[in-house]
Structures are given as C-alpha cells and as structure tokens.
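By convention in this document, chain letters (A, B, ...) are assigned in the order of the sequence lines, proteins followed by strands, and residues within each chain are numbered from 1.
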There are 2 protein chains.
Amino acid sequence: MPYDPSAFPPFAVTVDLVVLTVRRHALCALAVRRGEPPFQGRWALPGGFVRADEDLAQAAARELAEETGLRAHDPAVPVQDNGAHLEQLATYGDPKRDPRMRVVSVAHLALAPDLPAPRAGGDASNARWAPVDELLQQGGYGRDGEPVAPLAFDHAQILADGVERARSKIEYSSLATAFCPTEFTVGELRRVYEAVWGVALDPRNFHRKVTGTPGFLVPTGGTTTRQGGRPAQLFRAGGATLLNPPMLRPEV
Amino acid sequence: MPYDPSAFPPFAVTVDLVVLTVRRHALCALAVRRGEPPFQGRWALPGGFVRADEDLAQAAARELAEETGLRAHDPAVPVQDNGAHLEQLATYGDPKRDPRMRVVSVAHLALAPDLPAPRAGGDASNARWAPVDELLQQGGYGRDGEPVAPLAFDHAQILADGVERARSKIEYSSLATAFCPTEFTVGELRRVYEAVWGVALDPRNFHRKVTGTPGFLVPTGGTTTRQGGRPAQLFRAGGATLLNPPMLRPEV
DNA sequence: GTGTTTATCGTCAGGCAGACGACTATGATC
DNA sequence: GATCATAGTCGTCTGCCTGACGATAAACAC
C-alpha cells in the first residue's frame, strides 16, 4: 500500500446529526428543509462538511450548536445542565449516496431535553421537530394530512439507526436522563422511556427500579407539581452511567 | 452550506480492521508490520484505502480477504461456514492521526474462528496473531521477553474499542459463535466466552443457559471427543441472533 | 482397573421483575 | 368545603432466572 498522494481518491467528509428529543409524549427528531438541489425542498438531517483542522466530534458539536444552540457535553462528564449528549453513531459511505460526488458522512447521535422551537440559520420555517414515526413512514400522510416525502439522501436509514441506538442504549445506561431537564421527577423519566420505546410502563415497578439502583438518581430535596397530582420528588442524574441489571424493555 | 466543490477540504478515507480470534485460550488480534514510514517496522492493524467505486463494507471485506483469505458474511445472514462476522466499529478522524495528510479511517470489527497462520501479501513474517493484552500494554515486554512497541497511529485505541465491542456484544447476542467452527460443542463455546472475557464460567450453569435458550443452538446429532473426556454433543448456531435474557458477565 | 478429564443432569436458595392492592397529596369541580 | 381526578409512593406476592454446587456419565492414559 504505497502512500503516494495521487494513489487514493479524494472524499468529502461530512457529519450528519440525529438530534432526538421528547415532545408531547413522542420521540422527535430535528429536521431541516433543504434549500438547494439535490432533494431541494425535502426534509433532511442537519449536517455539514468537516473542516480541515477539525476533529469529527468537534465538527458534530459545531453543527449541533449552529442548528440548535445546544452545547455538547464532554462524553466523560455525566449528563447535566441543558447540554446535549453527543456520540458517534455510524458512518455512511455508499458511492451513490450523494449524486454529485463521493461523500462519506459520519453520523452522530444527540439527545436533548425538550427545547424551544429550533432555528436553522435563523430561519424557523426551515427547521422543525418532527415525530420520528412520521419522518420514517414511507409515502404516507402526516398528522396534518399532507403527504410525507421521505428524507433526503440515505437520511431515513441514518435516522432509523439513531433511533434504534437510543432505544437500546437507555436499557442499560442512564442515557434517558439526557432527555430530561436538570431536575426531573421519576414520572417524567418514566414518560421518557414510554415515549422512546412506545410502550406503557408500570409506574410502581419503574419507581422501585430507578430509585433502588444505587447512584442512578440523586434527590435534590425539592418537589414539584408541574405534572399535576401529588407533589413528586425532584432528582438529578447520579454518577452511575451504567444500569445493571438493565431496565427491561417489554416485548412487542 | 453551498456545495461548491472547492468549498470543502479533501480527505483520504481508509478502512482499518480489528480482526479477532481465539487461540490457545487467549483473545488474539491480527497485526501487520508496517513496511514504510511513518511507524516503519512497527505493528499496526491491517487496512487500506477505500476505492473510488467501493462501499465502506466492501472495502473492509476486500481488505479482510487480502489479509486472511476470509470471506465476510452478509450481516443479515446468520453466522455459519468459515466466513467471518464483519461489522462497522467506529470512525477515527483526528486531524493529526496521520502525520502526512488528513485521513479518516472507518474501523471495522471482524470475528473469525481459529485460523492457520496469517499472510500479509504472502509474507508471513509481516503478519501475526497477537494476544490483545500484549498489543495493548504500553511499553512492556511480550511473552518472549522482547520489548513491546505500541501499535502505530491510533490503532491501540481502535483495537481497544473493538475488543470492548466484542466483549459487550457477546453478552446479548449469538456473536460468540462467530469465533467457533461450523460445528462446535457447548464447552468450546464456553471457552470462547472465557477467553474473550478473561474469566472462568461454571460449566454447568453455562450449559443450562445456552441449551435452554430456544433457537440459540441446534444439535447436529454428532458428537466429538476432540477436547478429551466424555463425548460432547455437536451444535450449530441457531437462528436466534439475540440472547434474551443476556449472558451475564461476572464482575471482575 | 484406576485416575483424570470433560460433559451433562439435578437441587436449592436468593434476587429481581411483573402484577397489582393500598394509601397519600395535590389541583379541579361542584 | 366535599368530592373527584390525577399522579406519586410504599408493599406484597409469585414466578423465573442465576449462582453455587453435588452427582453421574463416558471417554482416554497408565
């Protein structure tokens, strides 16, 4: 394998972002409308080119900040504040995935608490939070009755992979807290699991599981009634990042 | 984000391979000796450039075949024959990871049964199976008493990530069968787990677990005494690719 | 035959999860 | 202010799975 600089084909390298949040009991992803061909006018995942002096994680964090204003956390630090969890997802490099040239995209997965309306370069109409079910259904109709066009490029596949990663990773890690604000109740955390998995969980067993796992939740002392009903204790995410034994996802 | 072809920096894209196997009760990885600078003479992971018309998975499969003669399986097909399991691991793109130019490497993880001596372009002395513990220890001495130099580039990190992926994935999937020949015994499969995890497992509980999981193992009817002792039943990997509940890895 | 090795079956106790009853503390409604 | 709806929290019970480990079976080496 000689390293003659003319011996290898040049690639463009991009980062694409699967930014997930939970809104109104539904798992939602950030989508931006494409302003130019190809796929002009279609929805796509946010992303952009990696710069010459930039690491892949840096590029992903920069794009995330540009699209949402979120700052990414250092992965070594437990999730806290209103920063987003950011991790590499997978890399997509089919020679025909972009009709213009050879592009390899390093997809990243970001998880964020519910946010105000997104911005795409300041233009709100070109960015939105959309339920992932809606973005992934092929050629159906959205909740507003309008026909749904599939995502641009191979972004439907990337989104599906990101959702699957999130669904499986909350089983055995504290990642679900990345969808919550700094302080949250057990019930709010349970609704995150229910939205991401699309199932109903028993509130009593869930409460026993999360409060019984050492280091998983740390009570802050405060309470809230923002969900109605009896006041609930407020917690912060504890230092434990691994959940052992894992939270069991009900089958079907 | 205009797509002016001059607006993005060109990258070289490579695939690097973490090829794992189990030899003599130890988890081993394929290492090749570098023939030219940088890191000339040092051990590295096998890999090479992605060609202009080639998918990432194709490039990884091609490199795997060139280095070992193994054919990779379609990931959708259950592990069988003597082909290797091949999956994408992660992508490494630090701007300084290669001193010559900007290289983004898409690392892949391959798992193979124990094989005859490797070949690197036909030159056996420039490729070997080395225990991962030996390749990952920093500046120590190998089992032959010779000083151990760290792997070239960031390959120690890539190898560590690949090993960690393998260790965690055999917990909840049938991936460990990828380390076994087509037909194998329960004891041979247990020794795979023991080598990958570096622990001792109770033969009776392991036997109960794997034979009691529907679809995990399919008896072929034959028996063998190649491990000595009482003849053991031979099995093939069943259709079940997920192990639920997972195999529990003993702590420490 | 005796000892060694490996495979395989069984038993028992502890832990955890699912199902679900009961009680508590708020706000909303009449 | 009584009642209701809503959500949170504590317990109980049962079944399943795991870890620990005894016992037996079937080969080979001597």
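- A cation-pi contact links B:R128 to B:W43, judged by a cut-off of 6.0 Å to the six-membered ring centre and 45° from its axis.
- B:R226 comes within 4.0 angstrom of no nucleic acid atom, judged by non-hydrogen atoms across all strands.
- Atom pair A:L189:CG and D:dA7:C1' shows a separation of 15 Å (rounding to whole Å applied).
- Sorted by first and then second residue, the side-chain hydrogen bond (donor to acceptor under 3.5 Å, both in side chains) pairs involving residues 207-222 of chain A (not counting sequence neighbours) are A:N205-A:R208.
- With hydrogens and angles ignored, the 3.5 Å screen pairs no side-chain donor or acceptor of A:R236 with any backbone N or O of A:T182.
- A:E63 places no side-chain N or O within 3.5 Å of a backbone atom of A:P46 that could act as its donor or acceptor partner.
- A distance-only check finds a donor-acceptor pair linking the side chain of B:S168 to the backbone of B:R165 [under 3.5 Å].
- Remark: side-chain polar atoms of A:E134 are not paired, donor with acceptor, to backbone N or O of A:P131 under 3.5 angstrom.
- Of all nucleotides listed (D:dC10, D:dA7, C:dG18), D:dC10 comes nearest to the side chain of A:R204.
- Taking every side-chain heavy atom of B:P245 into account, D:dT18 is the closest of D:dA27, C:dT8, D:dT18.
- Within the 4.0 Å cut-off from OP1 or OP2 of C:dA7, at least one side-chain nitrogen or oxygen of B:R190 is found.
- Mapping A:N205 and A:R230 onto DNA chain C via the closest heavy atom, the residue that lands nearer the 5' end is A:N205.
- Atom pair A:F206:CZ and C:dA17:C1' shows a separation of 14 Å (rounding to whole Å applied).
- Atom CD in A:E188 sits roughly 15 Å away from atom C1' in D:dT6 (whole-Å rounding).
- For A:K209, counting side-chain heavy atoms from C-beta on, the closest listed nucleotide (D:dC21, C:dA17, C:dA25) is C:dA17.
- Distances shown here put a side-chain N or O of A:H207 below 4.0 Å from the OP1 or OP2 atom of D:dT9.
- We find that CZ of B:F235 is positioned 11 Å from C1' of C:dA7, with the value rounded to whole Å.
- In terms of position on DNA chain D, the residue among A:R208 and A:Q233 whose nearest nucleotide sits closer to the 5' end is A:Q233.
- The distance from the CD1 atom of A:I170 to the CZ atom of A:F179 is 7.0 Å, given to the nearest 0.5 Å.
- Atom CG of A:L201 is separated from atom P of C:dC20 by 15 Å (rounded to the nearest Å).
- Between A:Q227 and B:R249, the one whose closest nucleotide on DNA chain D sits nearer the 5' end is A:Q227.
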Represent DNA chain D in dot-bracket notation, 5' to 3'. Only Watson-Crick or G-U wobble pairs with both distances under 3.5 Å count; pseudoknot-style crossings use [ ] and interstrand partners use |.
||||||||||||||||||||||||||||||
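- For the pair B:L217 CG and C:dA7 P, the computed distance is 14 Å after rounding to whole Å.
- For B:R191 and C:dT5, the CZ to C1' distance is 10 Å, given to the nearest whole Å.
- Between B:D202 atom CG and D:dC17 atom C1' there is a gap of 14 Å when expressed in whole angstrom units.
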